[in-house]
Protein chains: 2
Amino acid sequence: MLTNWLKYMVKKIKQAPAEEKILDAARQVFMAKGMSGARMQDIADAAGINKALLHYYFRSKEKLFERIFIDAFDKLFPKLGSIIESKDTVFKKIELICSEYINQLQLMPYLPVFVISEMNRHPEVFLHQVWGRKKPPLKAFVELINASIKNGEIKPVNPLQVLLNIISLCIFPPMAKPLFQQIAGISKKGFDEMLEERKKIVPQIIIQPLKK
Amino acid sequence: MLTNWLKYMVKKIKQAPAEEKILDAARQVFMAKGMSGARMQDIADAAGINKALLHYYFRSKEKLFERIFIDAFDKLFPKLGSIIESKDTVFKKIELICSEYINQLQLMPYLPVFVISEMNRHPEVFLHQVWGRKKPPLKAFVELINASIKNGEIKPVNPLQVLLNIISLCIFPPMAKPLFQQIAGISKKGFDEMLEERKKIVPQIIIQPLKK
DNA sequence: GTCTATAACTCGATAGAC
DNA sequence: GTCTATCGAGTTATAGAC
């Protein structure tokens, strides 16, 4: 009996690194080229292993993609629980949410466009796998806004519009970096400075219309 | 001599519809599936013609894609000349720009994500074909803001940040429609109503911080 | 678990008849 | 200009040795 357990653990330990390497490689390749642009060979190369091994671990390209896509979808909405539950004012909370969000997205600028474009392209995957899973933590946000309206801290507004404004102002700029650089004729560095400046600008834009 | 001219015109007339049909079909298919996800067969089917004819008109998939991509890139920035050159106040102009932009994007919600994701994936195409072409009409916008600052109509601000805010608040919501519906748990109709409401909200958000 | 070799298939592109 | 038929490169997926 002990030997069986030992065999299992040895298997587990040897197994883990390959699986992790594959997931990291797949994430990178799928994000850069999308589902249909990515090649299993690219992923194998990036993981430093053989093509056949990908199928050993994940059976098919589609299964591997679904795994990566769902992980990405979940990552798109940062954990805001601690900010919302803190003792700060609504205004301070919104300020923290915005700058936290902008910071997160600087680390993964390709995530939003990957999720959105693949969502349009594979509604089946999306509906079957993502629908019905745990929802992102926006309920808490909506309740925060509604409570603040009730106790008179802020003007009456549609919480979903506020949320959509925050998301738009935080997510869009990093994903449009190459586009905006082109049309505005500015350098990468110039754009990064704009993003930095936005950590102050965005909260102001969001908060000002809420003040009485 | 007259016969040659006749032959030429007949050729032209017969040719035009097929070429147009192909371009319409290609636009539709490329936007939905991207360069690597689109199949020449899909495009041929959508155009109601044969696969070989695509190559007759556009030589290769890549050439056809470039044509569609460049057209799309140009369409992403609406002609704002007439609004900017009008006799309205800056505030009225911004209001018109926002609602005009939101209207345009409702008609082509897939355009932005198509342009952005393909731009990330094929920087070569982008640099060779789009770079160096006529720039979108944002120079006029920047000058409008700067002039309004100088003559004291609005507070001093970075015109590019104002532009980025407008673009973010107008472009992102329609392109994130499926995503936002999912996380907010609302219907298509509910989201469309939000978009309608935004034609008033967005200009307010942009204008308020500019007022003295 | 990991590899090599190869089967099975998809898709862009071309040849050639009309 | 438009079609049918087909080639050939490139890809996913599997069989089978180690």
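Sequence lines set the chain letters: A, B, ... in the order given, protein chains first and strands last, and positions in each chain run from 1. These numbers were taken from a predicted model, which means no experiment stands behind them.
B:Ser36 and A:Ser36 share a side-chain donor-acceptor pair at under 3.5 Å.
For an aromatic pair to be called close, the ring centres must be under 6.0 Å apart, and A:Phe65 with A:Phe30 satisfies this.
Per the geometry, CD belonging to A:Gln41 stands 20 Å off P belonging to C:dT10, to the nearest Å. Atom CD1 of A:Ile22 is separated from atom C1' of C:dC3 by 13 Å (rounded to the nearest Å). As a whole-Å value, the separation of A:Arg59 CZ from D:dT14 P is 8 Å. Whole-Å rounding puts the B:Lys61 NZ to C:dT10 C1' distance at 11 Å. Atom CZ of A:Phe58 and atom C1' of D:dT12 are 16 Å apart (whole Å). A:Met40 places its CE atom 17 Å from the P atom of C:dT10, with the value rounded to the nearest Å. In this structure, B:Leu54 atom CG and D:dG1 atom P are separated by 15 Å, rounded to whole Å. One atom, CD of A:Glu19, and another, P of C:dG1, lie 9 Å apart when rounded to the nearest Å.
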Item checked: Test log, rule salt bridge (Lys or Arg N to Asp or Glu O under 4.0 Å), inputs A:Asp71 and A:Lys75 -> CA-CA 6 Å; A:Asp71 288 356; A:Lys75 261 192 237 160; over 6 Å; no
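For A:His55, no side-chain nitrogen or oxygen approaches OP1 or OP2 of D:dT14 to under 4.0 Å. Taking 4.0 angstrom as the limit, A:Arg39 places a side-chain polar atom (N or O) nearer than this to OP1 or OP2 of D:dT12.
Residue B:Asn50 has its side chain nearest to D:dT4 when only D:dT4, D:dT12, C:dT2 are considered. Between C:dT2, D:dT2, D:dA13, one nucleotide has an atom nearer to the side chain of B:Tyr57 than all others, and that is D:dT2. Considering only side-chain atoms of B:Leu53, the nucleotide from D:dT12, C:dG1, D:dT2 that sits closest is D:dT2. You'll find that the side chain of B:Tyr56 is closest to D:dG1, out of D:dT12, D:dG1, C:dA13.
When the nearest nucleotides of DNA chain D are assigned to B:Lys51 and A:Ala52 by heavy-atom distance, the more 5′-ward of the two goes with B:Lys51.
The pair B:Glu196-B:Lys199 counts as a salt bridge, with a side-chain nitrogen and a carboxylate oxygen less than 4.0 angstrom apart. Between B:Lys189 and B:Asp192 there is no salt bridge, since no side-chain nitrogen of the basic residue lies less than 4.0 Å from a carboxylate oxygen of the acidic one.
Across all strands shown, A:Ala38 has heavy atoms under 4.0 Å from sugar-phosphate atoms exclusively, and none from any base.
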